[in-house]
Amino acid sequence: MKLSELKNGETAVIVRLSGHGGFRKRIMEMGFIRGEKVTSVLDSPMHDPIKYNVMGYEVLLRRNEAAMIEVLPEEDAKRELSPAPTYNCISLCDSCATCNGQCGTTYRNATERRNVINVALVGNPNSGKTSIFNALANKNEHVGNYSGVTVDAKTGSFNYKGYRINLTDLPGTYSIAAYSPEEIYVRRHLYEQMPDIIINSVVASNLERNLYLTTELIDMNIRSVVALNMYDELLAKGAEIDYVHLGAMMGVPMIPTVARNNKGLDKLLDTVIELFEGKNNTIRHIHINYGSIIEEQIIPLSASMHKADDLPQQFPVRYWALKLLEKDKEALRDLDNCLELPRWKAMAEEAARQIQSQMGVDAETAINGAKYGFINGALQETYKPGAKDANRNTRRIDRLVANRWLGFPIFIFVMWAMFSSVFLLGAYPQEWIEKLFTWFGEAAASIIPQGAIQDLVVNGIISGIGSVAVFIPQILILYLFISLMEDSGYMARAAFIMDRLMHKMGLHGKSFIPMLMGFGCNVPAIMATRTIESRSSRIITVLITPFMSCSARLPVLILFAGAFFPQHAALVLMGLYLLGIVVAIATARLLRLAKFHKDETPFVMELPPYRWPTLRATLRHMWEKCAQYIKKIGTVILLSTIVIWFLSYYPRPEKGERLKVKGESEMLAQETESSKLKAQSKEVKGENFEQIAEETTISGINENSFIAMLGHAVEPVLAPIGQNWRSGIALITSIPAKELVVSTLGVLYSSDSDESITEDLKRSGDFTPRSAASFLVFILLFFPCIATIAAIANETGSKKWALFSIVYNTLVAWVAAYIVYAIGGLL
Ligand code: GDP
Ligand code: MG
């Protein structure tokens with residue numbers, strides 16, 4: 001708890017001091033040291049300041065300063081602060097798995113005693129933060145070779161040398177100003193969560209730009225260690241760096257690492273602990289010299305701010321002064337409660353005017369320039385660029401891949417290769433899984449006596465789940481491609497190639513990455529739009545991403561394309577994806593015309609060098625997606641299948657009633673529970689009841705059932721696009737998750753024959769190639785699922801856009817399906 005929360009007369013023990021270095025130093029000098037007892041003596045009438053007793057002295061602290069000191073009741077503190085006992089099982093085992101509990105203490109007990117260090121990973125996009133995070137916290141977060149892969153903070157905890165380390169992977173940023181959402185996010189994290197230590201990951205072979213962020217951390221006076229990551233690339237370039245010297249100059253320890261091979265990470269963690277314990281010799285707070293003109297302006301401003309006692313203590317005074325000069329919006333927000341803010345603002349404005357008139361540039365540019373000057377100066381003494389041109393390969397590949405004429409055909413070829421592999425390679429394992437589920441169904445049918453339960457298990461659960469599970473191979477292959485494109489750096493090139501086209505739609509190549517990611521799953525894709533600086537472009541990209549056919553739609557597309565267009569399945573599939581893109585483009589244009597007229601901010605995007613994807617990362621990515629899919633099958637899909645089965649099975653027709661049932665004889669057979677009769681009825685099929693029998697084998701849909709009612713209710717709307725009430729049911733059930741279309745069809749069309757669902761569908765006569773095409777188009781463009789809608793609401797920050805998306809996508813889907821159906825009629 002915070003010291004400020006301590007009630008009058010209560011005593012507690014200090015366990016942690018937050019805030020910038022200067023504040024910590026001052027507060028420590030007054031006796032507020034880790035492990036020291038402190039008593040709240042007196043709350044002043046205005047609740048501020050508060051009088052504390054520490055080391056026998058009475059000290060006044062402001063409430064906001066006391067909030068930076070973390071305390072614990074004496075009992076708890078004793079445990080927290082006692083030196084961590086060394087166990088045999090120091091490695092992170094959940095219940096002492098490695099030593100079988102021989103150390104006599106369970107892991108839980110051990111961690112409670114350990115000292116906790118909160119560490120945040122900060123760095124440029126694509127500098128390997130997530131790779132470090134995964135390696136340290138043994139996690140499996142998504143890495144990719146383009147900027148902006150991590151859009152949220154991820155946390156993981158692990159034990160190291162008696163400490164509990166809580167590690168947070170933050171989104172990548174080039175600076176910590178208040179431009180893009182991630183920058184603001186990182187800034188807020190540092191301000192509100194106040195991590196104890198920062199690991200600043202830096203691309204060793206591209207120090208100049210990467211160290212810019214480091215200079216900002218220096219200004220913030222937060223204890224950090226620089227991970228000189230991708231040190232292997234620096235060595236490959238033949239470059240040399242005296243990082244000890246560089247670290248000493250900047251006042252920040254620097255550790256070379258190769259995150260993806262786990263190299264240097266122990267040393268990195270050792271340094272984190274040294275910093276935490278105040279035992280590192282390199283760290284010191286330096287003031288970057290901004291040159292006489294700027295310094296002349298900072299000094300009086302920070303002196304005036306120094307006197308205020310309501311200044312937030314998270315960052316040092318000088319930092320706030322600099323930010324005021326830069327007119328940083330976030331800083332103004334943080335200082336909003338300061339009484340003197342209007343006066344400081346006036347001072348800062350005057351100072352900025354002075355800088356402008358003397359230097360000919362605005363204060364922000366001048367400060368930036370000085371930062372780069374500082375970095376260049378430091379590098380001049382410590383860095384020797386390599387003789388070898390490390391980017392030669394990248395340039396060579398780019399000459400081909402990003403070529404003006406070849407770039408586009410190559411991209412199309414890659415896409416074609418992806419979809420063909422999904423189709424052709426996926427077909428084999430798909431068949432095995434299909435067989436497996438057929439076998440399950442038969443086995444279940446032979447074990448469970450006939451009746452509702454058997455129907456639920458065989459025609460409901462097994463058939464529904466099976467029809468979705470068979471697409472696991474295809475989804476794995478799709479993610480294999482996406483993962484390879486991301487890791488190698490090709491994804492960024494795709495954005496580059498598409499840039500011109502995207503410009504035509506009023507967007508930027510950057511919007512293309514979320515769109516491509518949308519082929520996997522729309523939800524993370526929509527989240528990935530956070531890297532787009534301009535708000536209007538971001539909203540547009542969010543709204544068009546659902547037109548990118550996600551992997552959940554893939555099973556439906558594969559099923560229908562394979563069943564009704566067997567000769568051209570891959571082509572149809574690709575055509576559909578293209579249609580999605582075309583509709584997205586049209587939508588973007590429309591939105592630009594109707595709502596967002598101009599883009600507010602210019603875009604910049606970097607093309608990372610090509611890197612070999614690691615097998616580990618690729619497999620992990622694939623496995624993760626596969627696991628997610630299986631989990632979805634086990635939860636949402638299983639549950640929905642049962643509900644759908646229930647809705648399609650009940651209400652049961654009354655005995656003896658002349659049924660208005662398709663598959664009447666089958667129903668009857670079940671009612672009387674006589675397999676003999678069933679067999680007979682099957683025999684009959686070929687003869688007297690040819691008509692009915694036809695339908696019997698195809699589908700056992702009970703026309704009295706609830707689901708049939710639902711289907712009939714939407715039928716009038718769907719009739720013009722060639723759909724009947726059964727496809728209506730499939731469309732309704734697709735709302736929670738698109739995979740449910742296949743599982744619903746699996747339940748609805750499952751027949752007694754051993755045929756696969758493809759055969760069942762074809763034989764049903766419900767679909768012709770024409771109506772199948774219109775169905776495919778509708779499914780493609782219809783809004784994807786509840787989760788995506790939630791993501792849209794989240795990312796645009798408004799329910800209105802989510803609602804718009806539902807209505808608009810449904811309308812577009814209908815119109816496009818109508819057109820396809822009409823054209824089909826002409827052919
Ligand atoms: P983030 O955007 O900062 O989270 O960066 P990622 O962790 O996603 O990594 C970006 C790319 O750099 C990926 O392709 C990684 O495989 C690669 N990478 C990460 N660390 C290293 C390293 O130490 N050496 C090399 N050569 N590549 C690395
Ligand atoms: Mg990342």
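If you read the sequence from its start, that first residue is 1, and numbering goes on from there. Start at 1 and go down the list; that is how both ligands and their atoms are numbered.
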| query | Quick check: are there more than 12 heavy atoms from other residues, nucleotides or ligands sitting under 6.0 Å from CD of Glu192? | reply | yes
| task | Please state whether Asp232 comes within less than 4.0 angstrom of ligand 1, counting heavy atoms only. | result | yes
| Should we count OH of Tyr372 as having more than 12 external heavy atoms under 6.0 Å? | yes
| said: Would Pro125 count as a polar contact of ligand 1, with the cut-off being nitrogen or oxygen pairs under 3.5 Å? | reply: no
| query | Which is it for Glu233 and ligand 1 at heavy atoms under 4.0 Å: side chain, backbone, both or neither? | reply | side chain
| request: Report, as yes or no, whether the 6.0 Å neighbourhood of atom NZ on Lys267 holds more than 12 heavy atoms from other residues, nucleotides or ligands. | output: no
| query | Which heavy atom in Tyr163 sits nearest to a heavy atom in Phe276, and how many Å separate them? | reply | CE2-CD2, 4.2 Å
| request: Would you check if the distance from the ring center of Tyr479 to the ring center of Tyr629 is below 6.0 Å? | output: no
| query | Hey, does Ala617 sit under 4.0 Å from ligand 1 if you only count heavy atoms? | reply | no
| field | Lys129, any N or O under 3.5 Å of ligand 1 N or O | value | yes
| field | Lys323 with Asp219: basic N within carboxylate O range, under 4.0 Å | value | no
| task | Pick whichever of Arg260, Lys154, Lys263 has a heavy atom sitting closest to atom 28 (C) of ligand 1. | result | Arg260
| query | Does any non-hydrogen side-chain atom of Leu228 lie less than 4.5 Å from one of Leu207? | reply | yes
| message | Is there a polar contact between ligand 1 and Gly128, counting only N or O atoms under 3.5 Å apart? | response | yes
| query | Within the structure, does Ser127 bring an N/O atom to less than 3.5 angstrom of an N/O atom in ligand 1? | reply | yes
| request: Pick, from Ser131, Gly123, Gly264, the option with the minimum heavy-atom distance to atom 15 (C) of ligand 1. | output: Ser131
| remark: Numbered in order shown, the ligand 1 atoms found under 4.0 Å of a heavy atom of Thr130 are 1 (P), 4 (O), 7 (O)
| query | Which ligand 1 atoms does Val258 reach within 4.0 Å, using its non-hydrogen atoms? | reply | 22 (C), 23 (O), 24 (N)
| query | Sequence neighbours excluded, which residues qualify as salt bridge (charged side-chain N to carboxylate O under 4.0 Å, His left out) partners of Arg187? | reply | Asp328, Asp334
| query | Which ligand 1 atoms, with their elements, are less than 4.0 angstrom from a heavy-atom of Asp487? | reply | 14 (O)
| request: Answer side chain, backbone, both or neither: which part of Arg611 comes under 4.0 Å from ligand 1, heavy atoms only. | output: side chain
